[in-house]
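Worksheet: the structure to be examined is printed underneath.
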Amino acid sequence: MTRTALPDSHLLRGTAAGNTLRLVGIDATNIVEEARVRHHLSKTATAALGRTLSASALLAVVLGKQPGSRVTVRVEGGGPIGWIVAEGSNDGQLRGYVREPAADLPLRDTDGKLDVRGIVGVDGELAVTRLLDNGEPYTGSVHLVSGEIAEDVSQYLGVSEQIPNAVLLGVYEEGQQVVSAGGLLIQAMPGVTDETLVKLEANIRHMGMLTDNLRVGGLLHAMTRATEGLDLRLAPGAQPARFECRCSRQRALDSLRFFSAEDRQEMMQAGGQEILCHWCNEKYHLTPDEIAALDAQPEHGQA
Ligand SMILES: [Zn+2]
């Protein structure tokens with residue numbers, strides 16, 4: 001199967017309207033494509049996870065205080081997908097999964113679009129977990145308002161974090177392949193004028209689908225369209241982003257320490273043990289020799 005080369009995923013940041021608007025955007029095309037392949041996602045599940053993955057990176061940039069700060073977004077709305085979990089860091093590391101990767105629905109009659117709301121559902125919440133400055137995890141949540149993800153993330157930022165904002169998220173697929181995916185988050189800062197907000201709203205209304213903008217001219221084009229007439233100032237340098245899990249063979253092995261010695265004996269007698277990482281769907285086949293060596297090894301640091 002031939003594949004079109006996808007743009008390398010990256011984050012861009014900027015300000016507009018004399019620092020009264022802050023922007024962060026992500027082109028997550030090849031990240032979402034990798035998620036689709038790893039998890040064998042249906043077309044609609046790809047869109048749902050792709051939007052949530054993109055949102056997790058944008059939230060990590062907006063809410064993360066330290067380099068490498070991570071944010072976990074969990075969406076559960078009672079629909080056939082079950083739940084969606086995505087983790088993003090402000091240095092561009094993303095991973096995520098869904099409960100039911102095969103969940104799918106026909107295109108919506110009303111607008112011919114993927115029915116993300118239909119597989120997510122609206123009877124539930126969106127929860128965001130991050131680490132506070134003191135290292136304690138903090139989770140805030142909002143009831144889902146749309147199930148389409150972008151509006152729900154926007155609601156979270158507005159209500160839970162008191163940040164006035166606009167959020168655009170999108171995944172566009174052709175056949176079985178993701179051809180453009182990403183997100184754009186615009187924060188209104190103190191001192192923003194009504195005139196700026198009116199202009200911003202008009203720009204967003206007229207720019208069309210985010211994914212069309214990404215396909216036509218990339219992330220910078222989308223950010224430029226959203227801030228037309230508002231003097232976009234781009235922060236120097238794009239932050240590369242990628243689908244990257246923190247699992248490893250050693251971590252999979254270390255997880256067996258939580259079992260009793262008898263349980264490990266049984267695993268060895270059964271010819272070894274398979275450990276599946278839910279985040280990235282990687283399977284680790286641990287051999288009886290590796291399991292036997294665990295009892296002789298000092299414990300590795302758990303992070
Ligand atoms: Zn993993």
Side-chain angles (χ1 to χ4, degrees), residues 11 13 22 24 26 28 31 35 38-39 48-78 81-99 120-121 123-145 147 149-165 167 169 183 185 187 239 241-248 250-259 275-282 299-303:
L11 288 149
R13 305 175 64 160
R22 272 196 202 159
V24 54
I26 183 167
I31 293 173
R38 278 184 173 276
H39 293 296
L49 179 58
R51 291 181 193 180
T52 313
L53 278 166
S54 300
S56 71
L58 302 180
L59 288 170
V61 170
V62 170
L63 303 174
K65 302 282 191 288
Q66 320 282 344
S69 284
R70 288 193 291 265
V71 159
T72 307
V73 181
R74 191 176 192 281
V75 181
E76 186 169 7
I81 202 167
W83 66 74
I84 308 165
V85 185
E87 183 191 76
S89 72
N90 59 6
D91 60 6
Q93 248 188 65
L94 277 67
R95 59 178 185 166
Y97 64 102
V98 305
R99 174 78 178 84
V120 172
D123 185 17
E125 60 176 31
L126 175 141
V128 176
T129 303
R130 63 191 164 97
L131 294 182
L132 298 175
D133 289 345
N134 62 10
E136 291 290 316
Y138 167 79
T139 300
S141 63
V142 287
H143 281 285
L144 294 175
V145 287
I149 314 294
E151 218 182 307
D152 304 297
V153 170
S154 180
Q155 173 88 351
Y156 172 80
L157 274 173
V159 171
S160 223
E161 305 282 350
Q162 311 290 313
I163 296 174
N165 71 89
V167 176
L169 299 169
L185 196 166
Q187 275 178 267
Q239 165 74 56
R242 67 225 163 268
F243 189 105
E244 192 171 306
C245 194
R246 301 202 303 279
C247 67
S248 68
Q250 187 59 53
R251 285 190 179 211
L253 260 173
D254 282 337
S255 71
L256 299 187
R257 292 183 192 279
F258 294 106
F259 292 85
I275 299 283
L276 175 74
C277 175
H278 293 294
W279 285 104
C280 68
N281 215 21
E282 192 75 39
E299 196 163 331
H300 283 256
Q302 306 261 334

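Quick caveat: nothing in here was measured; it's all calculated off a predicted structure.
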Check whether [X] reaches the backbone of [Y] with its side chain - one donor and one acceptor, N or O, closer than 3.5 Å.
X	Y	value
His39	Leu49	no
Ser54	Gly50	yes
Ser255	Ala252	yes
Asp152	Leu126	no

Taking the side chain as every heavy atom from C-beta outward, state whether [X] and [Y] have any pair of such atoms under 4.5 Å apart.
X	Y	result
Phe243	Leu94	no
Leu58	Leu169	yes
Cys277	Cys245	yes
Val62	Asn165	no
Val73	Val85	no
Leu185	Leu157	yes
Cys280	Arg95	no

TODO: Show your reasoning for whether side-chain contact (heavy atoms from CB on, under 4.5 Å) applies to Val128 and Val153.
DONE: CA-CA 9 Å; Val128 176; Val153 170; over 6 Å; no

Rounded to the nearest 0.5 Å, how far does [atom2] of [Y] lie from [atom1] of [X]?
X	Y	atom1	atom2	answer
Glu282	Ser248	CD	OG	10.5 Å
Leu131	Gln66	CG	CD	9.5 Å
Leu132	Ser69	CG	OG	10.5 Å
Arg38	Asn281	CZ	CG	8.0 Å

Open item on the list: Check this for me: does any side-chain nitrogen of one of Arg251 and Asp254 sit under 4.0 Å from a carboxylate oxygen of the other?
Closed with: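 No salt bridge links Arg251 with Asp254.
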
Task: Ser89: partners by side-chain hydrogen bond (donor to acceptor under 3.5 Å, both in side chains), with sequence neighbours left out - done: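 Residues passing side-chain hydrogen bond (donor to acceptor under 3.5 Å, both in side chains) with Ser89: Asp91.
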
TODO: Under the side-chain hydrogen bond (donor to acceptor under 3.5 Å, both in side chains) rule, collect the residues that match up with Arg74, sequence neighbours excluded.
DONE: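 Counting only residues at least two positions away or on another chain, Arg74 forms a side-chain hydrogen bond (donor to acceptor under 3.5 Å, both in side chains) with Glu76.
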
- [ ] Might you point out which heavy atoms bring Gly77 and Leu144 nearest each other, and give the distance in Å?
- [x]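 Scanning both residues completely, I find the closest heavy atoms to be CA-CD1, 3.5 Å.
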
TODO: Kindly assign one of parallel, tilted or perpendicular to the pair Trp279 and Tyr97, based on the angle between their ring planes and the thresholds 30° and 60°.
DONE: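 Answer is perpendicular, since the angle exceeds 60°.
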
Open item on the list: Assess the residue pair Glu161 and Arg130 against the criterion (salt bridge (Lys or Arg N to Asp or Glu O under 4.0 Å)); give the C-alpha distance rounded to whole Å, side-chain angles, the decisive distance to 0.1 Å, and a yes or no.
Closed with: CA-CA 12 Å; Glu161 305 282 350; Arg130 63 191 164 97; 2.9 Å; yes

- [ ] Compute whether any side-chain donor of one residue and acceptor of the other, for Thr72 and Thr129, lie under 3.5 angstrom apart.
- [x]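 There is no such pair (donor and acceptor under 3.5 Å, judged by atom type) between the side chains of Thr72 and Thr129.
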
